[in-house]
K.L.:
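Below are the structure tokens for one structure; questions will follow.
Computed from heavy atoms alone, side chains included, the values below leave out hydrogens, waters and symmetry copies.
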Amino acid sequence: MAKKKEACCKGAAVGHIFALVGFYILTWGLIGSAGFGDVLKSPIFWGLFLIGMSICSASQKQK
């Protein structure tokens, strides 16, 4: 059972990384700037980030 939980945690970490990369790419496309600092300053990035984290939190609570 411990191995299953450990594998699930690794899968969740990889999912979070892919989500952050996706948020970055989507924001980069929406604001038209590939600069890392520009994307991090964008409210679009943080809006997507907060929406994604709230969905993740809600799905964890249901388990």
Side-chain angles (χ1 to χ4, degrees):
M1 184 157 193
K3 286 186 178 184
K4 184 178 180 182
K5 186 172 184 175
E6 185 178 313
C8 182
C9 291
K10 287 180 183 177
V14 171
H16 284 12
I17 291 169
F18 282 141
L20 283 173
V21 170
F23 295 156
Y24 178 82
I25 292 170
L26 182 60
T27 305
W28 167 44
L30 289 172
I31 67 171
S33 174
F36 187 71
D38 293 336
V39 170
L40 288 180
K41 291 177 188 175
S42 171
I44 297 169
F45 174 80
W46 292 108
L48 291 171
F49 180 78
L50 291 174
I51 290 168
M53 292 303 113
S54 67
I55 291 170
C56 180
S57 175
S59 68
Q60 289 295 326
K61 287 181 182 179
Q62 289 179 354
K63 289 182 181 179

K.L.:
To the closest 0.5 Å, what do you measure between CH2 (Trp28) and CZ (Phe36)?
P.N.:
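Between Trp28 CH2 and Phe36 CZ, I get 14.0 Å after rounding to 0.5 Å.
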K.L.:
Please name all residues satisfying side chain to side chain contact (heavy atoms under 4.5 Å, CB included) with Ile44, sequence neighbours left out, ordered by chain then number.
P.N.:
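Ile44 satisfies side chain to side chain contact (heavy atoms under 4.5 Å, CB included) with Thr27, Leu30, Ile31, Ser42, Leu48 only.
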K.L.:
Taking the side chain as every heavy atom from C-beta outward, state whether Tyr24 and Leu20 have any pair of such atoms under 4.5 Å apart.
P.N.:
no
K.L.:
In terms of the angle between their ring planes, are Trp46 and Phe49 parallel, tilted or perpendicular, with boundaries placed at 30° and 60°?
P.N.:
perpendicular
